[in-house]
Amino acid sequence: MSSLYLLHSHNHAEMNHSAPVFNVQLLLGLFFVLLFTAYIIAVFITNQRYKKWPVFRTVSWTIGIGFALVAVVGPLASSAHTNFTAHMMSHLLLSMIAPIFMAIAKPMTLLLRTANTTLARKLTSILKSRLLKFISHPITAAVLNVGGLWLLYTTNLYTYMHENAFIALFVHFHFFIAGYVFTISIIYFDPVYHQYSYRFRAAVLIAAIAGHDILSKYMYANPPAGVSRQEAEMGSMVMYYAGDWIEVVLIIIFCWQWYKSTKPRRSAAVEFNREEQVALYGKEG
C-alpha cells in the first residue's frame with residue numbers, strides 16, 4: 001500500500017544516515033514478479049497433468065499483479081513519496097484492487113492442484129491450523145487491514161516509513177497481505193476450511209467499510225504528520241470516493257456468491273468437498 005521510493009534521496013539521506021541503502025521499489029517489484037512467475041509455472045504444470053486451468057483465472061491474476069506493480073514501481077510509486085494523493089492512489093491499487101483480482105484467480109487451489117499429494121496434504125493441514133483460522137477470521141482480517149490504516153495515518157509511522165527502508169517494506173507488505181487476507185475472508189473463491197455465515201461476513205464488511213470511510217473523513221480534518229492540509233484533503237477524497245467504488249465491487253461479488261448459495265443445488269458442503277478433492281488430486285469422483 002501507499003508510497004514507494006528509492007531510499008536515501010538527498011533530503012532523507014541527511015535526515016537518517018544510519019538507514020540502510022537499497023531500492024525499495026526494486027524489491028517490492030521483484031516480489032510481485034516472482035508471484036506472477038510462480039502462478040504461470042503452476043498453470044503450465046497443472047495443464048500438463050489435469051484439466052486445463054481456466055484462462056480467466058490466469059487473466060485475473062495477471063491484472064491483479066499488474067495493478068500491484070503500478071502501485072509499487074514506476075512514476076506513481078515515485079510520486080507517492082512526496083505527493084499524498086499519489087500515495088493514496090497507490091494504497092487503493094495495492095491493498096484493495098489488486099487483492100480482488102488475485103482472489104478471483106484462486107491461487108491456493110492452483111497450488112494444491114500443482115503440488116504432489118504428500119505436499120498438498122501438508123499444505124491442507126496448515127490451512128486447517130488454528131493459526132490460519134485466527135488470521136483469516138473476518139474480524140481479525142478487518143482489524144489488521146483497517147486498523148493498520150488508522151495506525152499509519154494517525155501516528156508518526158507515516159513519517160518513519162519515508163525515512164527507513166525496513167519500515168517502508170514492512171508497511172507495504174503488511175498492507176498488501178492484510179488487504180488480500182481481508183478480501184479472501186469476505187469472498188470465498190479458494191477452498192475455505194473455516195467458513196463463516198454470509199450474515200456474519202456482511203456485518204464485518206459493513207463495519208470495515210465504515211472504519212475506512214471514517215478514517216478518510218478524519219484525515220480530511222486532521223492531516224497525517226508531515227502532510228499539508230491541502231494534500232490531506234485531496235488524498236482523503238480519493239480514499240473516500242474511489243475507495244467506495246472499489247468496495248461496491250466487493251459487495252457485488254459478495255452478494256452474487258450469497259445469491260448463488262441460495263439456489264436449490266448441491267449443498268455448500270458438497271461443493272466444498274469437490275473443490276478440495278480437485279485441489280488435492282486434480283480430478284473428481
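Positions are given from 1 along the sequence. These figures come from a predicted structure and were not determined experimentally.
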Exercise. Is there side-chain contact between H194 and L127, with at least one heavy-atom pair below 4.5 Å?
Worked result: no
Exercise. F31 versus L169: any side-chain heavy-atom pair under 4.5 Å?
Worked result: no
Problem set entry | Pairs flagged by ring-ring contact (aromatic ring centres under 6.0 Å, His included) wherever residues 216-241 is involved - sequence neighbours left out | W150-Y218
For this session: Any pair with a residue in residues 108-133 that passes ring-ring contact (aromatic ring centres under 6.0 Å, His included), sequence neighbours left out, goes on the list, sorted by first then second residue, please.
Result: none
Exercise. Can you say whether the rings of Y196 and F200 are parallel (under 30°), tilted (30 to 60°) or perpendicular (over 60°)?
Worked result: tilted
Problem set entry | Qualifying residues under ring-ring contact (aromatic ring centres under 6.0 Å, His included), relative to F134, sequence neighbours excluded | none
For this session: Return the orientation label for the F170 and H174 ring planes: parallel under 30°, perpendicular over 60°, tilted otherwise.
Result: parallel
With a 3.5 Å cut-off and sequence neighbours excluded, list the donor-acceptor pairs that the side chains of residues 223-231 form with protein atoms.
unit_1, atom_1, unit_2, atom_2, d
S228, OG, E231, N, 3.3
R229, NH1, A221, O, 3.4
R229, NH2, A221, O, 3.4

Seminar exercise, completed: So ring-ring contact (aromatic ring centres under 6.0 Å, His included) across residues 96-122, not counting sequence neighbours, yields F67-F101
Problem set entry | Any pair counted as side chain to side chain donor-acceptor pair (under 3.5 Å), so long as it reaches residues 36-49, sequence neighbours left out | Y39-W53, T46-R113
Exercise. Any side-chain heavy-atom pair from L132 and K128 closer than 4.5 angstrom?
Worked result: no
Exercise. Checking ring pair (Phe, Tyr, Trp, His ring centres under 6.0 Å) for the pair H162/Y158: CA distance, chi angles, key distance, verdict?
Worked result: CA-CA 7 Å; H162 290 88; Y158 179 73; 4.7 Å; yes
For this session: Evaluate whether atom CE of M237 has more than 12 neighbouring non-hydrogen atoms of other residues, nucleotides or ligands under 6.0 angstrom away.
Result: yes
Exercise. Linking I/L/V/M/F/W/Y whenever their side-chain heavy atoms sit closer than 4.5 Å, directly or via other members, would V248 and V204 fall into one cluster?
Worked result: no
Seminar exercise, completed: From the list V192, I184, I186, side-chain contact (heavy atoms from CB on, under 4.5 Å) partner of Y188 resolves to V192
Exercise. Any idea which heavy atoms bring F175 and L149 closest together, and the distance?
Worked result: CE2-N, 3.3 Å
